[in-house]
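So the structure is just underneath, and the comments pick up after that.
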Amino acid sequence: MRAPEKLLLRLEWRVVRRLDGRLQGGHRTVHRGAGTDFAGLRAYVEGDDARHIDWNVTARLNEPHLRQFNEDREMTVWLVLDRSASMAAGRPGRGKHEVLAELALVLARLFCRGGNRVGALLFDTGVLRVVPPGTERRHVLRIGAELDRTAAANSGQTTDLAAMLDAVARLARRRSLIVVVSDFIGDGDWEHSLLRLARRHEVVALRIADTTDDELPEAGLIVVEDAETGEQLIVDSGDPLFRVRFRAAVDAREARLTDGMREAGVPVHRIDTDRDLAESLVEVVARTRDRRA
């Protein structure tokens, strides 16, 4: 049995069954209304909703006509998956890469079971891989196979969050649910890209975090390496001034992330690598429902 299938089987037993039916409530899409697909025109009859009259056609034919729509309760979901070098942090077997893979398979399986189409963008530093939207379990396994591939990271580059967001904006032509899964550690002016994306789509950010992201152990002289650029420095982890500067940098990164998400109206949920994935997702669902209430 291939690795993606073994992982999916384990996740279906441990996580998917506990979450099935809890993500979307009674509607399969958060976009309620008459529908989004134009189906055609027909003559108006007494009792029809006058708000759907097509006045241009009515004027040409000198007879009232209604615009008809096919109701669209399904949605397209795009998973934007950060596979950059900084996502390799964490303890062996439970680093951010592993949690991202589990999270992507669980979400893809749950949304596909709801009848929705799920696509994925895997963004290795400088390399974009796309899995077009699809349904059914074998499509989830295709996403898993892409996750299982190891793309060579381009050293000297940091995660370009703006490029990730701009890429999905080009691919998602219809209004979609965009789920961005990343540690959001990177450079660039990503806030404007997020604003543009959120104007057209519903966007949710799942931030995968590890204790190594924002805690510095007191271990004397240590070698600190930038996971994305490969740059190494020898630092004194017990130096009070260095610890203050490290804390300030972490706080500044947190503040920028919070402010950028708030301005775009995008909810951001933290997924810690040392927590049970099902429990984390249950909390995400609860917070999402509270936000919409």
Side-chain angles (χ1 to χ4, degrees), residues 20-80 107-121 128-140 142-143 162-180 190-205 261-267 285 288-293:
D20 199 14
R22 303 183 68 169
L23 282 181
Q24 300 165 50
H27 294 278
R28 288 192 293 180
T29 173
V30 296
H31 310 305
R32 300 178 176 83
T36 57
D37 291 337
F38 177 64
L41 296 162
R42 67 169 175 81
Y44 175 86
V45 296
E46 186 176 355
D48 283 336
D49 190 340
R51 292 175 298 178
H52 295 163
I53 292 177
D54 187 315
W55 294 106
N56 290 330
V57 175
T58 296
R60 283 201 308 272
L61 300 180
N62 200 28
E63 180 183 359
H65 276 70
L66 292 180
R67 293 172 64 88
Q68 290 184 294
F69 298 88
N70 288 327
E71 189 168 359
D72 186 5
R73 284 298 184 188
E74 297 177 357
M75 63 179 169
T76 299
V77 181
W78 283 98
L79 303 178
V80 183
L107 292 176
R109 185 67 175 131
L110 284 167
F111 282 120
C112 283
R113 281 164 69 115
N116 304 294
R117 301 170 69 243
V118 180
L121 281 77
L128 175 67
R129 288 178 282 151
V130 179
V131 179
T135 59
E136 301 181 354
R137 190 175 186 276
R138 62 185 177 182
H139 181 71
V140 178
R142 181 182 175 186
I143 295 175
M164 289 172 51
L165 300 172
D166 291 341
V168 72
R170 291 191 298 269
L171 287 168
R173 298 182 179 180
R174 294 181 57 186
R175 182 170 173 83
S176 305
L177 172 63
I178 312 293
V179 183
V180 184
W190 55 267
E191 290 92 342
H192 287 88
S193 296
L194 182 64
L195 276 169
R196 288 193 297 269
L197 187 66
R199 288 193 188 108
R200 184 175 181 185
H201 305 281
E202 178 164 354
V203 183
V204 175
M261 293 293 175
R262 183 188 299 116
E263 184 176 354
V266 172
V285 174
T288 300
R289 287 178 176 169
D290 290 344
R291 187 171 179 264
R292 289 178 183 166

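Keep in mind it's a predicted model, so treat the numbers as computed, not measured.
Closest heavy-atom contact between His201 and Arg174: CE1-O, 3.1 Å. Nearest heavy atoms, Met164 versus Val180: CE-CG1, 4.3 Å. What you find for Ala108 and Ile143 is that their closest heavy atoms are CB-CD1, 4.1 Å.
Between Val130 and Trp78 the shortest side-chain heavy-atom distance falls below 4.5 Å. Proximity of Phe111 to Leu177: side-chain heavy atoms (C-beta onward) are separated by under 4.5 Å at one or more points. Residues Arg196 and Asp166 are in side-chain contact: their nearest non-hydrogen atoms beyond the backbone lie under 4.5 Å apart. When side chains are defined from C-beta on, Val140 does not count as touching Val118, because their heavy atoms never get closer than 4.5 Å. Between Leu128 and Leu121, some side-chain heavy-atom pair lies under the 4.5 Å cut-off.
Under a 3.5 Å cut-off, the side chain of Asn116 and the backbone N or O of Met75 do form a donor-acceptor pair. Using modelled atom types, no side-chain atom of Thr135 and backbone atom of Cys112 make a donor-acceptor pair closer than 3.5 Å. Judged by distance alone, with hydrogens and angles left aside, the side-chain atoms of His65 form no donor-acceptor pair with the main-chain N or O of Leu41 at under 3.5 Å.
With rounding to the nearest 0.5 Å, the separation of CG in Leu194 from CD1 in Ile178 is 11.0 Å.
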